[in-house]
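Let me begin by presenting the structure, written as structure tokens, before commenting on it.
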Amino acid sequence: MREDWIECKLEDLLDYEQPTKYIIQEEKYNDEFPIPVLTAGKSFIKGYTNEDFGIFDNLPTIIFDDFTTASQFVNFKFKVKSSAMKILVPTSKLVNLKFAFGAMQVNKVRSETHKRYWISEYSKLSIGLPPLVEQRAIVKKLESLFSSLDAGVSDLKKAQQQLKIYRQAVLKKAFEGELTKTNSDWIIKRFEECTVSFNGKRVPLNRATRAKRQGEFRYYGATEIVDYIDDYIFDGEFLLIGEDGANLLSKSKPLSFIVDGKFWVNNHAHIFKPNDNISIRYLNAYFNSLSLNEYVTGTAQPKLTKFNLCKIPVKLPLEISDQLLIVKEIESRLSICDSIEQNIKESLEKAEALRQSVLKKAFEGNLLTLKERKECKLAEDYEPASVLLEKIKAAKEASKSLEKTISRKPKIKMDKKEILVLLKENNNEMAVNQLWKGSIYENDIDTFYLKLKELSEQGKISEIKNGKEVTIKLI
């Protein structure tokens with residue numbers, strides 16, 4: 001850390017608000033609705049709601065996942081998905097929130113234990129704090145550097161989506177007979193007419209766990225069962241088709257895949273062998289081309305049952321040689337996709353590594369050039385980081401004092417009005433407890449406190465202390 005920086009803790013810069021009153025009441029999302037519902041994880045925007053109450057609008061802010069420590073910078077109104085987060089706000093108008101957010105991206109804690117992290121650990125993290133002028137310069141330079149990087153990442157992700165579309169187009173054309181010219185006729189059979197089922201050999205989920213032999217053979221299923229007998233071991237080439245409808249519908253995993261060798265399976269996969277004159281590779285490719293919405297049942301836990309699976313129609317050439325020819329054409333085209341997809345994945349990983357490298361350099365004080373740092377010191381509002389931190393801490397303590405004063409004052413009945421209106425009607429100043437109880441925020445002390453901070457930062461009110469009494473004065 002450079003000598004003109006000072007060490008501080010994240011809690012010096014960031015206070016938190018519990019998200020309880022901003023949680024969505026009904027998860028009825030629609031992209032046409034105006035208010036986004038957020039989570040601090042990678043998914044970020046879970047959907048959009050039309051609920052017009054409990055909307056967070058004290059912006060900008062940082063949302064922090066209290067269990068995973070993931071965070072997101074937010075500059076638009078929102079509601080939240082759950083209470084498993086903290087909404088972080090600056091402790092003073094002197095806090096550069098974007099700088100604090102950037103520092104959070106390179107200062108991490110291990111979040112392997114299932115517990116809440118902000119109060120116990122994350123807020124205690126130490127970071128280097130430069131003068132405010134330099135903070136602004138660092139943020140500006142990061143935004144400039146990341147704008148081109150973000151554009152490149154966006155292009156790579158678009159290419160990934162295009163590859164998915166191309167894959168489905170290849171499969172569609174293949175099974176419509178457009179990739180090859182077959183000599184045999186096409187026929188349609190139900191899946192049960194094309195295969196033999198081995199579902200009876202799946203390991204039941206309720207078997208007692210006595211022996212630990214799971215390392216001996218490959219395992220397929222939702223929860224690893226460690227007790228089985230040799231009668232449940234498969235040996236050979238089989239077609240496995242997923243039973244979990246949630247995965248099937250989201251296409252997050254292959255619908256079907258081929259396993260060759262020794263393995264065992266629990267109740268979350270269907271196991272089949274094709275009949276004579278039907279290629280297992282053809283069946284696998286065919287099923288991965290399908291959309292099975294109409295065959296999946298259930299909503300909370302959607303499933304592809306064996307009954308529904310067996311009645312799915314399968315379109316195939318009569319001769320196995322023609323089936324293999326189609327598979328060859330598919331694999332030829334998709335192997336190119338695999339290569340491109342791997343290159344995209346590696347490029348995205350390099351982009352993320354570059355981002356972290358730049359962030360690390362920035363928050364160690366090495367991003368700005370010597371010339372840029374000298375220009376910061378010439379700015380009219382330049383002041384040492386030590387002075388800045390003292391001001392921030394003082395503002396934080398003043399806010400706490402105000403909150404305590406408000407919380408212990410007795411109730412006073414008054415007409416409920418906006419803060420500025422009440423002040424004007426009472427010679428431009430009032431005791432803070434009277435102002436609180438006379439305002440429209442009487443039943444929401446947190447919002448009253450935030451409103452006072454907002455008006456103070458706008459230069460519309462000031463706070464006067466006389467011993468334990470606190471008076472709010474209209475400027």
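The structure presented is a predicted model; accordingly, all values stated were derived computationally and were not measured. Residues take their numbers from the sequence shown, with the count starting at 1. Keep in mind that the numbers below use all heavy atoms, side chains included, and drop hydrogens, waters and symmetry copies.
When all heavy atoms of Leu171 and Asn288 are compared, the closest pair comes out as CD1-O, 3.7 Å. Contact between Ala385 and Leu129 at its shortest, heavy atoms only, is CB-O, 3.2 Å. Pro130 and Leu388 get closest at one heavy-atom pair: O-CD2, 3.8 Å. The shortest heavy-atom contact between Lys360 and Val106 is N-CG1, 3.7 Å. Lys460 and Leu474 get closest at one heavy-atom pair: O-CD1, 3.5 Å. Across all their heavy atoms, Thr39 and Gln72 have their closest contact at O-CG, 4.3 Å.
Relative to the six-membered ring of Phe307, Lys311 misses at least one condition, a distance below 6.0 Å or an angle of at most 45° to the axis.
Under the 3.5 Å distance criterion, the side-chain polar atoms of Ser83 are left unmatched by any main-chain donor or acceptor of Thr20. Counting only distance, with no hydrogens or angles, the side chain of Asn308 and the backbone of Leu304 share no donor-acceptor pair below 3.5 Å. Side chain of Glu26 to main chain of Ile24: no donor-acceptor pair is present (N/O by atom type, distance under 3.5 Å, no hydrogens or angles). Side chain of Tyr382 to main chain of Glu375: no donor-acceptor pair is present (N/O by atom type, distance under 3.5 Å, no hydrogens or angles). Between the side chain of Asp12 and the backbone N or O of Lys393, no donor-acceptor pair lies under 3.5 Å. Of the possible donor and acceptor atoms, none in the side chain of Ser357 sits under 3.5 Å from a partner among the backbone N and O of Ala353. No side-chain donor-acceptor contact under 3.5 Å links Asp150 to the backbone of Ser147. In terms of modelled atom types and a separation under 3.5 Å, the side chain of Lys42 and the main chain of Ala70 share no donor-acceptor contact. Proximity of a side-chain donor or acceptor of Thr369 to a complementary backbone N or O of Glu372 within less than 3.5 Å is detected.
Counting non-hydrogen atoms of other residues, nucleotides and ligands closer than 6.0 Å to CD of Gln342 gives a total above 12. Atom OH of Tyr48 sits in a sparse spot, with 12 or fewer heavy atoms from other residues, nucleotides or ligands closer than 6.0 Å. In Lys115, the NZ atom is crowded: over 12 heavy atoms of neighbouring residues, nucleotides or ligands sit closer than 6.0 Å. Counted within 6.0 Å of CG on Asn75, heavy atoms from surrounding residues, nucleotides or ligands total more than 12; the atom is thus considered enclosed. Counting heavy atoms of neighbouring residues, nucleotides and ligands inside a 6.0 Å radius, atom NZ of Lys79 exceeds 12 of them. For NZ of Lys173, the number of neighbouring non-hydrogen atoms (other residues, nucleotides, ligands) closer than 6.0 Å is 12 at most.
Interatomic distance, Leu422 CG to Leu435 CG, rounded to the nearest 0.5 Å: 6.0 Å. For the atom pair CD1 of Ile87 and NZ of Lys21, the computed distance is 9.0 Å after rounding to the nearest 0.5 Å.
Remark: Lys453 does not engage Asp15 in a salt bridge, criterion side-chain N to carboxylate O under 4.0 Å. A salt bridge is defined here as a Lys NZ or Arg NE, NH1 or NH2 lying under 4.0 Å from an Asp or Glu carboxylate O, and Lys345 with Asp338 fails to meet this definition. In summary, Glu352 and Arg355 engage in a salt bridge, as defined by a charged side-chain N under 4.0 Å from a carboxylate O. Ion pair Lys451/Glu454 flagged as a salt bridge, since at least one NZ, NE, NH1 or NH2 atom sits closer than 4.0 Å to an Asp/Glu carboxylate oxygen. The pair Glu134-Arg2 counts as a salt bridge, with a side-chain nitrogen and a carboxylate oxygen less than 4.0 angstrom apart. At a threshold of 4.0 Å, the pair Glu27-Lys81 counts as salt-bridged, since one of the basic side-chain nitrogens sits closer than that to a carboxylate oxygen.
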For a side chain to side chain contact (heavy atoms under 4.5 Å, CB included) check, start with the C-alpha distance between Leu13 and Asn96, then their side-chain angles and the critical distance, and finish with the verdict.
CA-CA 9 Å; Leu13 308 179; Asn96 186 319; over 6 Å; no
Begin from the C-alpha positions of Ile23 and Ser82 and carry the test side chain to side chain contact (heavy atoms under 4.5 Å, CB included) through to its verdict.
CA-CA 6 Å; Ile23 297 175; Ser82 75; 5.6 Å; no
Evaluate side chain to side chain contact (heavy atoms under 4.5 Å, CB included) for Phe101 paired with Leu88, printing each intermediate quantity in order.
CA-CA 10 Å; Phe101 176 71; Leu88 307 181; over 6 Å; no
From CA spacing to verdict: side chain to side chain contact (heavy atoms under 4.5 Å, CB included), Phe78, Ile63
CA-CA 11 Å; Phe78 62 90; Ile63 56 174; 3.9 Å; yes
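Ring-plane geometry between Phe272 and His270 is classed as tilted, the angle between the planes lying from 30 to 60 degrees on a 0 to 90 degree scale. Using a 30° and 60° split on the angle between ring planes, Phe448 and Tyr441 fall in the tilted class, from 30° to 60°. By the 30° and 60° cut-offs, the orientation of the rings of Phe287 relative to Phe191 is perpendicular.
Residues Gln105 and Ser71 have side chains that bring a donor and an acceptor to within less than 3.5 angstrom of each other.
In summary, the aromatic rings of Phe64 and Tyr16 are positioned with their centroids too far apart to meet the 6.0 Å limit.
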